[in-house]
Amino acid sequence: MEDEEESSNGGVPPRKKLRLTKEQSRLLEESFRQNHTLNPRQKEALAMELKLRPRQVEVWFQNRRARSKLKQTEMECEYLKRWFGSLTEQNRRLQREVEELRAMKVGPPTVLSPHSCEPLPASTLTMCPRCERVTTTATDKGPTQITAAISTTAATALSSKVGTPALQSRSSSAAC
DNA sequence: GACGCGAGGCCTATTACATCA
DNA sequence: TCTGATGTAATAGGCCTCGCG
């Protein structure tokens with residue numbers, strides 16, 4: 001493109017835009033399915049086969065990677081939205097349940113300590129997001145910490161479903 | 001071995017053109 | 001024919017890695 005003749009508008013050539021043929025797109029897609037990146041030799045060979053410049057093949061792969069990443073992000077976003085909806089619903093149900101229990105004027109359930117076999121107050125109990133065991137260590141967690149714990153659990157669950165390395169690495173950094 | 005430098009590749013944001021409703 | 005929306009090729013700039021002196 002850059003070696004084409006310049007136009008009359010101040011020496012700046014109008015940017016022409018190539019439209020790939022269906023066959024070219026098909027071959028590029030096929031190649032992308034096999035490998036999301038190309039080494040210089042593969043790029044050269046593919047460009048030759050498609051009668052394109054190596055730079056055009058490179059740009060196509062860059063844009064293609066960006067498109068698939070965008071698609072993946074959109075899917076994750078949809079999943080998180082649905083999950084948020086179900087968590088909200090679950091939260092509503094649990095709050096209703098609490099209200100009902102309060103209305104019944106039933107005291108908190110007595111839980112015995114696994115260590116001393118003495119009763120523990122329910123307010124000191126919390127669920128570990130990783131091992132899903134009840135612990136008694138985090139009695140004074142504020143809302144921020146609790147939200148962080150929930151987010152970590154969410155990220156873990158999402159990454160296990162979607163399989164995103166970034167999310168997995170982020171979630172694995174949370175301490176148990 | 002540490003450091004600076006340039007080349008090359010990738011990513012991201014953006015631009016600009018082609019096409020279509 | 002005009003126009004706005006959409007898709008996508010192409011560009012620009014920044015970051016990272018690698019090889020070399």
Side-chain angles (χ1 to χ4, degrees), chain A residues 1-92 94 126-133 135 137-138 141-176:
Chain A
M1 212 72 77
E2 61 272 13
D3 50 8
E4 284 178 1
E5 75 279 11
E6 293 187 350
S7 72
S8 57
N9 56 346
V12 181
R15 191 154 122 185
K16 288 273 176 60
K17 187 163 172 171
L18 165 84
R19 301 298 294 192
L20 297 170
T21 65
K22 280 186 180 165
E23 182 60 11
Q24 283 171 326
S25 296
R26 189 187 66 77
L27 274 171
L28 284 164
E29 282 290 346
E30 200 172 294
S31 167
F32 184 78
R33 268 198 300 277
Q34 289 165 11
N35 224 332
H36 285 204
T37 54
L38 293 175
N39 62 40
R41 195 174 294 179
Q42 288 173 317
K43 192 199 300 176
E44 194 74 41
L46 193 54
M48 194 110 78
E49 190 180 353
L50 296 169
K51 295 184 172 57
L52 294 171
R53 288 192 298 277
R55 172 68 183 153
Q56 288 176 303
V57 173
E58 185 181 311
V59 165
W60 187 90
F61 268 76
Q62 274 174 16
N63 285 321
R64 186 65 181 77
R65 280 192 293 270
R67 281 198 294 273
S68 53
K69 187 174 181 184
L70 177 65
K71 209 170 178 179
Q72 170 86 13
T73 305
E74 283 171 352
M75 283 168 60
E76 288 176 9
C77 182
E78 278 307 307
Y79 178 81
L80 286 171
K81 271 191 210 164
R82 284 200 302 275
W83 198 26
F84 175 75
S86 75
L87 283 177
T88 305
E89 177 55 31
Q90 191 179 347
N91 187 32
R92 246 197 303 271
L94 289 169
T126 182
M127 178 78 85
C128 171
R130 288 190 72 187
C131 61
E132 293 188 355
R133 280 189 211 128
T135 66
T137 52
K141 275 188 176 176
T144 309
Q145 287 169 292
I146 291 170
T147 307
I150 292 170
S151 301
T152 302
T153 318
T156 308
L158 177 64
S159 62
S160 70
K161 284 189 166 49
V162 181
T164 308
L167 283 170
Q168 283 171 343
S169 63
R170 243 176 281 151
S171 61
S172 64
S173 66
C176 180

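Just the heavy atoms: all of them, side chains too, but no hydrogens, waters or symmetry mates, feed the values below. Naming: A, B, ... by sequence-line order, numbering from 1 per chain.
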Fill in: Lys/Arg N to Asp/Glu carboxylate O, E29(A) vs R26(A), below 4.0 Å
no
Fill in: Distance (rounded to the nearest 0.5 Å) between Q56(A) CD and L20(A) CG
7.5 Å
Worksheet item: Going by number, which of residues 58-71 of chain A have a non-hydrogen atom under 4.0 Å from DNA chain B?
Response: Q62(A), R65(A), K69(A)
Discussion item. Can you measure K17(A) atom NZ to dA16(B) atom C1' for me and round it to whole angstrom units?
Written reply: 7 Å
Worksheet item: Which whole-number value in Å describes the distance from Q24(A) CD to dT8(C) P?
Response: 15 Å
Practice prompt. Identify, between P40(A) and R19(A), the residue whose nearest nucleotide on DNA chain B lies closer to the 5' end.
Written response: P40(A)
Worksheet entry | Any side-chain donor near an acceptor of the partner, Q34(A) and E30(A), under 3.5 Å | no
Response to the item:
Here the distance between atom P of dA9(C) and atom CG of L52(A), to the nearest Å, is 10 Å
Worksheet, complete the sentence: Between CG of L20(A) and C1' of dA10(C) the distance, given in whole Å, is 12 Å
Worksheet item: Rounded to whole angstroms, how far apart are CG on L38(A) and P on dG8(B)?
Response: 18 Å
Worksheet item: Between atom CZ in R41(A) and atom P in dG8(B), what is the gap in whole Å?
Response: 17 Å
Worksheet entry | Salt-bridge criterion met for K81(A) and E78(A) (N-O under 4.0 Å) | yes
Item to complete: Assign the ring pair H36(A) / F32(A) to parallel, tilted or perpendicular, where the plane angle (0 to 90°) is split at 30° and 60°.
Response: parallel
Worksheet, complete the sentence: When rounded to whole Å, the NZ to P distance for the pair K22(A) and dT8(C) reads 13 Å
Discussion item. Looking at R55(A) and E58(A), is any side-chain nitrogen of the basic one under 4.0 Å from a carboxylate oxygen of the acidic one?
Written reply: yes
Practice prompt. Round to the nearest Å and state the distance from N39(A) atom CG to dC18(C) atom C1'.
Written response: 16 Å
